[in-house]
Colleague: 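The structure is given below, and queries will be raised subsequently.
A, B, ... follow the sequence lines: proteins, then strands. Residue 1 opens every chain. Keep in mind it's a predicted model, so treat the numbers as computed, not measured.
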Amino acid sequence: MTLIQKIRDRMALAADQLGFPVAEVAASVRPCGDPAHGHYQANAAMALGKKLGKPPRDVATQLAASVPQDGFLQAPEVAGPGFLNLRLTDDAIAFHLEKMAKSPDLALEQPEKKRRLVIDFSSPNVAKPMHVGHLRSTILGDALARLFRTLGHEVVTLNHLGDWGAQFGILLYGYKNLLDQAAFKTDPVKELARLYVEVRKHFAVDEEEEGEAGDPVRDACRQETAKLHQGDVENLRLWREFMPFCLEDINRAYRRLGVTFDHIRGESFYQPFLAEVAAELEQAKIAEPSQGALVVLFGENEAPALIRKRDGAFTYATTDLAAVRHRTDNFQPTDIVYVVDSRQAQHFKQVFEIARRWGIQGPRLHHVAFGSVLGSDGKPIKTRDGKASTTLEGLLDEAVRLAGTMHAPPEGGEGEKPITPEEAAQVAEAVGIGAVKYADLSQNRTTDYKFNWDKMLAMDGNTATYMQYAYARCRSILRKAGHPDGVPEAKIILGAPEEKFLGVVLLRYAEALESAAEDFRPNVLTAYLWDLAKAYSVFFQNCPVLRAPDEVTQHSRLAMCALTARVLKSVLEILGIRVLERM
RNA sequence: GCACCCGUAGCUCAACUGGACAGAGCAUCGGUCUUCGGAACCGAGGGUUGGGGGUUCGAAUCCCUCCGGGUGUACCA
């Protein structure tokens with residue numbers, strides 16, 4: 001049980017005793033915005049006072065008097081218009097810290113209701129170079145998968161590759177007309193990427209004004225795509241030949257990011273089911289013919305969803321519906337989560353609605369939307385030209401290079417072995433990649449963000465580097481104290497206010513994970529890391545560990561360092577960021 | 001046209017979904033220290049939360065209305 005739940009329970013008891021609405025009082029408990037006011041606060045008295053026709057402060061006073069004094073909470077204090085300020089007792093903090101220190105999983109408890117989540121993320125279009133726009137879905141989805149697994153839920157990760165779309169028409173056209181045979185032999189991935197960019201240069205107009213009059217190259221590409229979908233032998237053969245190269249390309253990026261999937265199932269995987277889906281929808285009168293196409297209609301003001309186009313081809317809505325059903329049947333999930341750009345909001349709204357009408361009721365469907373990556377001009381980054389400056393690989397290389405130039409100490413610290421060149425390279429990799437991930441994850445996912453090299457590569461302030469550094473400092477102290485592999489159990493003594501404060505932040509670990517999972521928001525975790533790192537800094541500054549006044553205090557403080565390190569490591573790993581013993 | 005989203009410090013972003021004086025990081029200015037790891041710490045300045053109205057004990061958050069931006073919208077996926 002998380003701290004806040006324990007507090008809610010006690011507030012509920014108090015409310016029950018007074019005949020106040022229990023749920024309302026319990027729900028009003030929240031962490032204090034300002035630590036000066038306490039650890040937690042309960043805000044129900046104001047609303048309740050109105051309802052009961054009593055002064056809110058009186059209501060708060062009554063509640064305060066009824067809170068069980070069982071050694072967990074200090075006597076609550078009434079403040080302002082009727083806020084109830086709640087503080088844990090020192091004993092409770094120490095007790096729970098000791099419990100956490102003893103527990104191999106930091107006292108996380110198994111969830112009451114175990115969920116099984118299918119998480120669909122990353123899903124790049126293959127055969128196009130990956131760029132920074134793909135970073136968000138990939139990193140977010142990976143972090144969410146790790147988060148739910150850490151919380152004890154079952155997770156199935158899926159990569160819904162765009163492996164059947166128009167970009168293959170471009171590749172097929174390029175292969176047939178512009179291929180550099182020698183280049184293809186030595187480095188097929190590179191040559192395919194070149195072909196993609198090259199062919200697009202022959203398009204008469206930009207993608208934005210697509211569909212206008214005669215564009216011979218584009219039309220030819222479309223025909224190649226159509227032939228592929230109709231099962232043309234030659235095109236299918238080439239598709240099968242290209243796919244491994246394309247996969248190899250994106251897998252390189254995943255390896256570097258440390259991202260894995262349980263299943264890679266692209267659009268092509270669902271191809272065989274599409275006709276059946278369309279037929280079922282039509283038969284059930286969910287979809288109806290219109291202007292030669294098969295569509296699903298919604299309200300007056302909403303555009304219809306296309307299930308089958310006039311030319312007989314199916315759309316991505318159809319593919320997604322086939323996927324919903326396939327996933328539902330195969331995994332019996334409680335939730336299906338789509339980590340996709342918010343520009344797809346209506347698409348998913350429609351797909352979810354059609355799925356509901358279709359009778360798919362088992363899983364809850366979530367569109368975990370995120371904002372676009374914008375260029376420095378505030379306009380969305382275009383994928384079409386795959387400029388080196390915005391390719392994923394270019395970004396990662398630059399981040400690692402930059403991390404390598406930061407002034408690492410020449411030796412690992414007093415009395416320790418110097419850092420080897422190999423170790424330094426690993427540090428640069430972990431710091432560089434970590435910086436890029438953290439920059440993305442620390443932002444509220446719903447807002448657009450302006451792509452900025454300096455911000456992505458920043459290593460001070462609220463960044464991964466700062467957290468990694470805090471971790472390395474903890475570990476260094478522990479090594480010097482002779483405990484490289486953790487500390488023996490110790491009694492926690494909370495003397496200084498800085499120790500108590502750090503203690504409370506540490507105890508909020510489970511709560512931070514729950515809260516992040518609630519709305520699929522990893523930035524809750526980075527905010528927590530920032531709080532923790534700051535609390536540790538203040539502790540570190542004011543509470544000598546190796547030079548502690550006595551042995552009991554030293555053991556207690558070492559235990560606090562060890563616990564801080566474990567929590568930092570756990571949360572960073574949920575975010576897909578590696579920690580380092582030395583840096 | 002219709003629908004959805006956004007506008008917060010010089011810049012980039014938070015604000016636990018209606019709670020206490022709107023907080024951080026950069027940047028700027030000033031300070032700390034014979035470093036339990038200086039990739040550190042402390043402090044200062046900086047705001048009518050785009051404007052106006054409303055609901056509420058209480059609004060960045062909810063409603064209305066302007067202004068400014070974005071995205072999506074019947075045959076790309």
Side-chain angles (χ1 to χ4, degrees), chain A residues 4 28 30-34 36-37 41 43 46-47 49-50 56 79-83 85 125 162 164-167 207 210-211 222 225 267 290-293 295 299-306 308-311 313 315-317 319-320 341-347 349 369 371-372 374 378-380 406-409 412-414 416 431 439 442-444 446-450 452 454-455 458-463 465-466 468-470 472-477 480-481 511-512 515-516 518-519 521 523-524 526-527 530 534 537-538 540-548 557 561 582-583:
Chain A
I4 195 162
S28 78
R30 56 182 45 218
C32 251
D34 183 348
H37 293 136
Q41 58 180 284
N43 300 338
M46 278 88 76
K50 182 93 177 166
F83 293 104
N85 291 337
N125 283 330
W164 200 243
Q167 77 274 26
E207 193 159 25
E210 188 171 359
R222 279 205 191 107
T225 310
E267 292 163 340
S290 170
Q291 297 177 30
V295 305
E300 282 285 309
N301 286 333
E302 200 164 340
L306 274 168
R308 191 180 55 227
K309 298 188 287 186
R310 197 185 304 142
D311 64 7
T315 67
Y316 74 140
T319 306
D320 274 333
D341 196 330
S342 50
R343 279 177 291 203
Q344 304 294 334
Q346 353 31 267
H347 165 68
K349 193 178 153 220
S372 310
L374 311 177
K379 296 242 156 75
M406 301 288 289
H407 48 290
E414 211 180 320
E416 295 199 282
V431 169
S442 59
Q443 174 146 347
N444 183 328
T446 58
T447 54
D448 289 349
Y449 82 60
K450 212 173 276 186
N452 178 309
D454 296 339
K455 186 187 173 186
M459 305 202 182
D460 43 81
N462 183 4
T463 62
T465 311
Y466 182 88
Q468 289 166 322
Y469 181 66
R473 285 202 298 182
C474 289
R475 301 294 304 158
S476 172
I477 291 177
K480 281 178 189 158
E511 193 179 303
S515 165
E518 181 86 26
D519 293 317
R521 280 179 21 176
N523 73 311
V524 171
T526 60
W530 179 238
K534 274 189 300 190
S537 252
V538 175
F540 182 78
Q541 206 73 19
N542 295 288
C543 305
V545 179
L546 296 178
R547 299 179 199 145
R557 289 181 178 170
C561 289
R582 305 195 296 168
M583 56 192 287

Colleague: For Gln41(A), which residues count as a side chain to side chain donor-acceptor pair (under 3.5 Å) partner, sequence neighbours excluded?
Modeller: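 Applying side chain to side chain donor-acceptor pair (under 3.5 Å) to Gln41(A) gives Asn43(A).
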
Colleague: For Pro31(A), answer base if it contacts any base atom (sugar-phosphate contacts may also be present), sugar-phosphate if it contacts only those atoms, and nothing otherwise; contact means non-hydrogen atoms under 4.0 Å.
Modeller: base

Colleague: Applying ring pair (Phe, Tyr, Trp, His ring centres under 6.0 Å), name anything that partners Trp530(A), two or more places apart in sequence or on another chain.
Modeller: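 Testing Trp530(A) for ring pair (Phe, Tyr, Trp, His ring centres under 6.0 Å), a comparison that skips the adjacent residues, returns Tyr466(A).
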
Colleague: Please tabulate, one pair per line, each protein N/O and nucleotide N/O from nucleotides 22-29 of chain B that are separated by under 3.5 Å, including the distance.
Modeller:
| unit_1 | atom_1 | unit_2 | atom_2 | d |
| --- | --- | --- | --- | --- |
| A24(B) | O2' | Trp530(A) | NE1 | 3.2 |

Colleague: Base, sugar-phosphate, or nothing: which does Cys543(A) touch, judged by heavy atoms less than 4.0 Å apart?
Modeller: base

Colleague: Any donor and acceptor pair, going by atom type alone, linking the side chain of Ser476(A) with main-chain N or O of Arg473(A) inside 3.5 Å?
Modeller: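 Absent.
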
Colleague: Would you indicate, yes or no, if C75(B) has its OP1 or OP2 atom less than 4.0 angstrom from a side-chain nitrogen or oxygen of Thr315(A)?
Modeller: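 For C75(B), OP1/OP2 do not have a side-chain N/O of Thr315(A) under 4.0 Å.
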
Colleague: Does the U17(B) base have a donor-acceptor partner in the side chain of Asp519(A) within less than 3.5 Å?
Modeller: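 Flag set: donor-acceptor pair detected.
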
Colleague: Restricting to salt bridge (Lys or Arg N to Asp or Glu O under 4.0 Å), what partner residues turn up for Arg557(A), sequence neighbours left out?
Modeller: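 With neighbours one apart ignored, the set is Glu499(A).
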
Colleague: Polar pairs (N or O, both sides) under 3.5 Å between protein and nucleotides 2-10 of chain B?
Modeller:
| unit_1 | atom_1 | unit_2 | atom_2 | d |
| --- | --- | --- | --- | --- |
| C2(B) | O2' | Asn301(A) | O | 3.4 |

Colleague: Taking only side-chain N and O atoms of Arg547(A), does any of them lie within less than 4.0 angstrom of OP1 or OP2 on C36(B)?
Modeller: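 Yes, because at least one side-chain N or O of Arg547(A) sits under 4.0 Å from OP1 or OP2 of C36(B).
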
Colleague: Base, sugar-phosphate alone, or nothing: which one does Gln41(A) contact when heavy atoms must sit under 4.0 Å apart?
Modeller: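 Base contact.
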
Colleague: Just jot down the side chain to side chain donor-acceptor pair (under 3.5 Å) partners of Asn452(A), sequence neighbours excluded, or say none.
Modeller: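 Partners of Asn452(A) by the side chain to side chain donor-acceptor pair (under 3.5 Å) criterion come out as none, since no residue qualifies.
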
Colleague: Could you tell me whether Gly33(A) contacts a base, only the sugar-phosphate backbone, or nothing, with contacts defined as non-hydrogen atoms closer than 4.0 Å?
Modeller: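 Base contact - Gly33(A) has a heavy atom under 4.0 Å of at least one base atom.
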
Colleague: Is Arg222(A) near enough to C76(B) that one of its side-chain N or O atoms lies under 4.0 angstrom from OP1 or OP2?
Modeller: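 Answer is no, no contact under 4.0 Å.
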
Colleague: My understanding is that only residues two or more places apart in sequence, or in another chain, count here; which of them pass side chain to side chain donor-acceptor pair (under 3.5 Å) with Glu511(A)?
Modeller: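 For Glu511(A), the residues satisfying side chain to side chain donor-acceptor pair (under 3.5 Å) (neighbours in sequence not counted) are Tyr40(A).
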
Colleague: Using the test ring pair (Phe, Tyr, Trp, His ring centres under 6.0 Å), find all partners of Tyr469(A) that sit at least two apart in sequence or belong to another chain.
Modeller: none

Colleague: Dot-bracket, 5' to 3', for RNA chain B please: Watson-Crick or G-U pairs under 3.5 Å, [ ] where pairs cross earlier ones, | where the partner sits on another strand, dots elsewhere.
Modeller: (((((((..((((.....[...)))).(((((.......))))).....(((((..]....))))))))))))....

Colleague: Mind checking what makes ring pair (Phe, Tyr, Trp, His ring centres under 6.0 Å) contact with Tyr449(A), not counting sequence neighbours?
Modeller: none

Colleague: Under the rule for salt bridge (Lys or Arg N to Asp or Glu O under 4.0 Å), what residues qualify as partners of Asp341(A), not counting sequence neighbours?
Modeller: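 Residues passing salt bridge (Lys or Arg N to Asp or Glu O under 4.0 Å) with Asp341(A): Arg343(A).
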
Colleague: Does the A74(B) base have a donor-acceptor partner in the side chain of Ser290(A) within less than 3.5 Å?
Modeller: yes

Colleague: Would you say the side chain of Tyr469(A) and the base of A39(B) hold a donor-acceptor pair, judged only by whether the two atoms sit under 3.5 Å apart?
Modeller: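 When only heavy-atom distances are counted, Tyr469(A) does not reach the base of A39(B) through any donor-acceptor pair under 3.5 Å.
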
Colleague: Are the ring of Phe540(A) and the base ring of C36(B) both nearer than 5.5 Å at their centres and tilted by less than 30°?
Modeller: yes

Colleague: Who passes side chain to side chain donor-acceptor pair (under 3.5 Å) against Gln443(A), sequence neighbours left out?
Modeller: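 Partners of Gln443(A) by the side chain to side chain donor-acceptor pair (under 3.5 Å) criterion, ordered by chain and then number, come out as Thr447(A), Lys455(A).
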
Colleague: When all nucleic acid strands are considered with a 4.0 Å heavy-atom cut-off, which category describes Arg310(A): base, sugar-phosphate, or nothing?
Modeller: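 Base, at least one base heavy atom under 4.0 Å.
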
Colleague: Can you tell me if Lys455(A) touches the phosphate of U12(B), counting only side-chain N or O atoms and a distance under 4.0 Å to OP1 or OP2?
Modeller: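 Indeed not, no polar side-chain atom of Lys455(A) lies that close.
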
Colleague: If the glycosidic angle is within 90 degrees of 0 it's syn, otherwise anti, so just tell me which one U17(B) is.
Modeller: syn

Colleague: So what does Arg521(A) touch, heavy atoms closer than 4.0 Å: a base, only the sugar-phosphate, or nothing?
Modeller: base

Colleague: For Asp341(A), which contact category applies under a 4.0 Å heavy-atom criterion: base, sugar-phosphate, or nothing?
Modeller: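 Touches nothing.
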
